[in-house]
Participant: 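Structure incoming, see below.
This chain uses plain numbering: 1 for the first residue, then up along the sequence.
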Amino acid sequence: MLGLHLPDPPADSEEENEEEAAEGATAQSSHSSIPMDAEHVELVKRTLGRRYGLWFRLRKLILWLLGVYIAIPFLVKLCPAIQAKLVFLNFVRVPYFIDLKRPQDQGLNHTCNYYLQPEEDVTIGVWHTVPAALWKNARGKDQLWFEEALGSSHPVILYLHGNAGTRGGDHRVELYKVLSSLGYHVVTFDYRGWGDSIGSPSERGMTYDALHVFDWIKARSGDNPVYIWGHSLGTGVATNLVRRLCERETPPDALILESPFTNIREEARSHPFSVIYRYFPGFDWFFLDPITTSGIKFANDENVKYISCSLLILHAEDDPVVPFHLGKKLYNIAATSRSFRDYKVQFVPFHTDLGYRHKYIYRSPELPRILREFLGKSEHEHHH
């Protein structure tokens, strides 16, 4: 029986099959890699697109801020009233929701609210806090009783507050309480344009308001000593007032300046608000000259040369608003002035560690002693 024999395939045929298989695999691999590369490219494009969009928005924001930064000096120069508003800050009423007609809401149960009229179309709101010793008698009393109480045997402090806020500001109220506990009448008020006082703010107007209130006090206080206490911008009003009082030969019994500056130009140059523009080309021309153009000087350094009464300066070393060195500079000017040669001039610094900053000197446990020693000497001068 013959067997069927199938011949083996030739060797070259096997090689061809292997090559075809390899080519097929390569083709398949190349076909499958095409969509993978496309997805990768699309992902890269999206990532770059997001990064470019973010950079574009960031660059746009930087250019906008730079434009505003450059525009503000020109705006201030063209509209000096803007700079005047920033000096006074009378539009900032903090705390906002208080009724200035009701000082008792601020814990001042021995305080009466008045309204005085220094000029036609100008009305100013006044608070009168009696000494703590008269607290019980003061409850429920009317304005006439409070006015007559100024003639009692207690000294009076006319307090001139700084910019922003009202006579009902928290740190101001706390100072009234301290002074009242030490036996002083405290009379304070909001300048025209502040709080519920009617009128437009100006340096001349603020000074005239202070003069009017001082004369009102003197007409009722008899022979009791009257001291003037100014804080921050109020020190500018205080020295304006006392210079005028000395020129008409009716000086107060003493002047107390808390956190004072030399003049408004030097204070504006040192103020935190000016930091970002301090090295801007033409800073004085853009920012300081408009203040002068608006008639705002508050020249404490000039005024003290014409003041003849005892002077006490209180300043915290960590004051961030009115730098300590300006208060010290003012003291050095006053201490060497001929006008003070017969009067006491004292500078009391408060160390940085105490944290009294710009408006918390009232917290000092040393304050009663400082005032007693300084004003006690002034009262002695007053009676002799």
Side-chain angles (χ1 to χ4, degrees), residues 90 93-118 123-162 164-198 206 209-210 212-222 224-232 234 237-238 252 256 258 359-363 367-368 371 375:
N90 59 303
R93 181 169 174 170
V94 180
Y96 189 80
F97 296 105
I98 69 168
D99 185 354
L100 293 171
K101 295 183 180 67
R102 293 178 52 83
Q104 60 267 33
D105 291 349
Q106 308 308 306
L108 296 171
N109 295 320
H110 51 319
T111 299
C112 186
N113 181 67
Y114 309 147
Y115 290 98
L116 303 179
Q117 192 169 10
T123 303
I124 56 175
V126 181
W127 279 0
H128 172 199
T129 302
V130 297
L134 302 178
W135 178 77
K136 288 184 178 179
N137 294 335
R139 298 184 68 179
K141 296 297 194 300
D142 59 9
Q143 179 175 336
L144 180 61
W145 182 91
F146 276 82
E147 289 188 30
E148 291 176 347
L150 284 169
S152 63
S153 57
H154 294 275
V156 184
I157 291 178
L158 170 58
Y159 179 79
L160 306 171
H161 69 65
T166 68
R167 62 190 184 276
D170 292 341
H171 64 284
R172 294 163 187 163
V173 169
E174 293 305 314
L175 178 63
Y176 311 154
K177 292 177 181 178
V178 170
L179 297 177
S180 171
S181 71
L182 297 176
Y184 299 101
H185 288 276
V186 182
V187 178
T188 186
F189 66 96
D190 281 320
Y191 316 104
R192 60 187 72 188
W194 272 261
D196 57 355
S197 296
I198 299 169
M206 295 164 72
D209 293 345
H212 182 81
V213 177
F214 178 84
D215 286 341
W216 180 88
I217 292 170
K218 289 296 287 184
R220 292 158 177 78
S221 60
N224 294 323
V226 178
Y227 310 122
I228 294 174
W229 184 312
H231 173 246
S232 192
V237 181
I256 301 167
E258 179 189 357
K359 56 186 182 182
Y360 301 113
I361 287 176
Y362 72 83
R363 295 177 177 172
L367 187 60
L371 294 178
L375 296 180

Participant: Taking Gly193's backbone N and O only, do any of them form a donor-acceptor pair with Asn90's side chain (distance below 3.5 Å, no angle check)?
Facilitator: yes

Participant: Just to verify, what does Asp105 make a side-chain hydrogen bond (donor to acceptor under 3.5 Å, both in side chains) with, not counting sequence neighbours?
Facilitator: Arg102

Participant: Is the backbone N or O of Trp135 less than 3.5 Å from a side-chain atom of Arg139, with the two atoms forming a donor-acceptor pair by type?
Facilitator: no

Participant: Any side-chain heavy atom of Pro155 within less than 4.5 Å of one from Val226?
Facilitator: no

Participant: Tell me if a side-chain donor or acceptor on Asp209 pairs with a main-chain N or O of Arg192 at a distance below 3.5 Å.
Facilitator: yes

Participant: Between Lys177 (side chain) and Val173 (backbone), is there a donor-acceptor pair under 3.5 Å?
Facilitator: no

Participant: If you look at every heavy atom in Pro118 and Ile124, which pair is closest and at what distance?
Facilitator: CG-CD1, 3.8 Å

Participant: At their closest point, which heavy atom of Asn109 faces which heavy atom of Gln104, and how far apart are they?
Facilitator: OD1-CB, 3.5 Å

Participant: I'd like to know whether Ile228 forms a side chain to side chain contact (heavy atoms under 4.5 Å, CB included) with Ile157, so could you lay out the CA-CA distance, the side-chain angles of the two residues, the decisive distance to 0.1 Å, and finally the verdict.
Facilitator: CA-CA 6 Å; Ile228 294 174; Ile157 291 178; over 6 Å; no

Participant: Does the side chain to side chain contact (heavy atoms under 4.5 Å, CB included) test come out yes or no for Leu371 and Trp229, once each step is laid out?
Facilitator: CA-CA 12 Å; Leu371 294 178; Trp229 184 312; 3.9 Å; yes

Participant: Quick one, Leu116 with Val213, criterion side chain to side chain contact (heavy atoms under 4.5 Å, CB included). Give me CA distance, side-chain angles, the key distance, then yes/no.
Facilitator: CA-CA 8 Å; Leu116 303 179; Val213 177; 4.3 Å; yes

Participant: Are His171 and Tyr362 close enough that a side-chain donor and a side-chain acceptor fall under 3.5 Å?
Facilitator: no

Participant: With distance as the sole test, does Thr166 use its side chain to make a donor-acceptor pair with the main-chain N or O of Gly168 at under 3.5 Å?
Facilitator: yes

Participant: List the steps and the verdict of side chain to side chain donor-acceptor pair (under 3.5 Å) for His154 and Tyr184.
Facilitator: CA-CA 6 Å; His154 294 275; Tyr184 299 101; over 6 Å; no

Participant: Keeping the roles fixed (side chain from Asp215, backbone from His212), state whether a donor-acceptor pair exists under 3.5 Å.
Facilitator: no

Participant: His161 vs Thr188, test: side chain to side chain donor-acceptor pair (under 3.5 Å). Steps then yes/no.
Facilitator: CA-CA 8 Å; His161 69 65; Thr188 186; 5.8 Å; no

Participant: Any chance you could measure His128, atom NE2, to Ile217, atom CD1, to the nearest 0.5 Å?
Facilitator: 8.0 Å

Participant: With heavy-atom distances below 4.5 Å as the criterion, would you say the side chains of Val126 and Val187 are in contact?
Facilitator: yes

Participant: In Å, rounded to the nearest 0.5 Å, how long is the span from CD of Gln143 to SG of Cys112?
Facilitator: 5.5 Å

Participant: Ser180 and Pro131: which non-hydrogen atoms are nearest, and at how many Å?
Facilitator: OG-C, 3.5 Å

Participant: First locate atom NE2 of His185, then atom CG of Leu158, and finally report the distance between them rounded to the nearest 0.5 Å.
Facilitator: 13.5 Å

Participant: If every non-hydrogen atom of Ala238 is compared with every non-hydrogen atom of Leu160, which pair is closest and at what distance?
Facilitator: CA-CD1, 3.6 Å

Participant: Do side-chain atoms of Ser197 reach the backbone of Asp190 as a donor and acceptor pair under 3.5 angstrom?
Facilitator: yes

Participant: Before giving the answer on side chain to side chain contact (heavy atoms under 4.5 Å, CB included), spell out for Leu150 and Val130 the whole-Å C-alpha distance, their side-chain angles and the decisive distance to 0.1 Å.
Facilitator: CA-CA 8 Å; Leu150 284 169; Val130 297; over 6 Å; no

Participant: Side chains of Tyr115 and Asp196: any donor to acceptor distance under 3.5 Å?
Facilitator: yes

Participant: Please list, chain by chain and in numerical order, all residues satisfying side-chain contact (heavy atoms from CB on, under 4.5 Å) with Pro103, sequence neighbours excluded.
Facilitator: Leu108, Thr111, Asn113, Trp127

Participant: Within this structure, what is the CZ-CD distance for the pair Arg167 and Gln106, rounded to the nearest 0.5 Å?
Facilitator: 11.0 Å

Participant: Taking Tyr159's backbone N and O only, do any of them form a donor-acceptor pair with His231's side chain (distance below 3.5 Å, no angle check)?
Facilitator: no

Participant: How close do Gly162 and Ser232 get, counting heavy atoms only, and between which atoms?
Facilitator: CA-CB, 4.3 Å

Participant: Which heavy atom in Ala210 sits nearest to a heavy atom in Val237, and how many Å separate them?
Facilitator: CB-CG1, 3.9 Å

Participant: Can you measure from OG (Ser221) to CH2 (Trp216) and round to the nearest 0.5 angstrom?
Facilitator: 10.0 Å

Participant: Please determine, by modelled atom types, if His110 and Thr129 share a side-chain donor-acceptor pair under 3.5 angstrom.
Facilitator: no

